[in-house]
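Below: the structure, in structure tokens.
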Amino acid sequence: MLSGIPVREGIDYEPLWRFLKFTDNNLGDPFEPGTYRVNPHTLEREVIEFFAELFRAPREFRGYITNGGTEGNIHGLYLALFAVRACETN
């Protein structure tokens with residue numbers, strides 16, 4: 001079984017092996033140097049900057065690209081928890 005790839009009996013994934021040397025998601029902070037040889041930091045920063053400008057984010061914006069909607073929703077809830085706690089202490 002391949003971790004992270006939907007696997008079903010009877011499907012030949014051999015033609016896809018050549019693509020597994022590429023990563024489509026950042027490992028770590030896109031604004032910090034990475035240690036992984038293949039990473040899309042530059043592309044990820046460009047996407048984050050595009051949306052920061054589009055939504056008029058504050059100058060000190062941060063972000064990252066998720067693997068999908070579920071991860072994005074979980075991260076959004078995680079950030080909301082900190083925002084609520086910050087409001088409660090003020």
Side-chain angles (χ1 to χ4, degrees):
M1 178 166 176
L2 301 172
S3 179
I5 298 176
V7 177
R8 198 180 100 173
E9 244 183 88
I11 295 178
D12 179 17
Y13 288 96
E14 184 70 29
L16 300 177
W17 282 112
R18 66 179 186 231
F19 297 109
L20 294 179
K21 65 182 175 183
F22 303 108
T23 180
D24 64 348
N25 195 21
N26 175 32
L27 298 175
D29 189 333
F31 296 95
E32 299 294 329
T35 57
Y36 191 58
R37 191 174 58 125
V38 179
N39 67 59
H41 284 185
T42 304
L43 173 64
E44 187 168 18
R45 283 192 302 267
E46 288 177 13
V47 171
I48 292 166
E49 290 167 4
F50 171 82
F51 282 103
E53 183 179 325
L54 181 68
F55 292 110
R56 298 183 181 110
R59 186 175 171 94
E60 296 296 321
F61 62 85
R62 298 296 282 194
Y64 79 104
I65 298 174
T66 68
N67 282 319
T70 301
E71 183 181 347
N73 290 335
I74 291 171
H75 189 69
L77 291 170
Y78 175 76
L79 295 176
L81 174 65
F82 283 99
V84 167
R85 286 182 178 166
C87 289
E88 289 174 346
T89 58
N90 291 332

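In what follows, residues are counted from 1 in the order of the sequence shown. Note that this is a predicted model, so its numbers are computed, not measured. Only heavy atoms go into these numbers, but all of them, side chains included; no hydrogens, no water, no symmetry mates.
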All pairs passing salt bridge (charged side-chain N to carboxylate O under 4.0 Å, His left out) where residues 60-69 contributes a residue, at least two apart: Asp29-Arg62
Qualifying side-chain hydrogen bond (donor to acceptor under 3.5 Å, both in side chains) pairs with a residue from residues 47-58, counting only residues at least two apart or across chains: none
Contacts of Arg45 that satisfy salt bridge (charged side-chain N to carboxylate O under 4.0 Å, His left out) - sequence neighbours left out: none
List the atom pairs, donor and acceptor, that lie under 3.5 Å between side-chain atoms in residues 74-87 and the rest of the protein, sequence neighbours left out.
none

Non-hydrogen atoms of Ile65 and Glu44 that approach each other most closely: N-OE2, 2.6 Å
Heavy-atom neighbours of Phe51 CZ exceed 12 at 6.0 Å: no
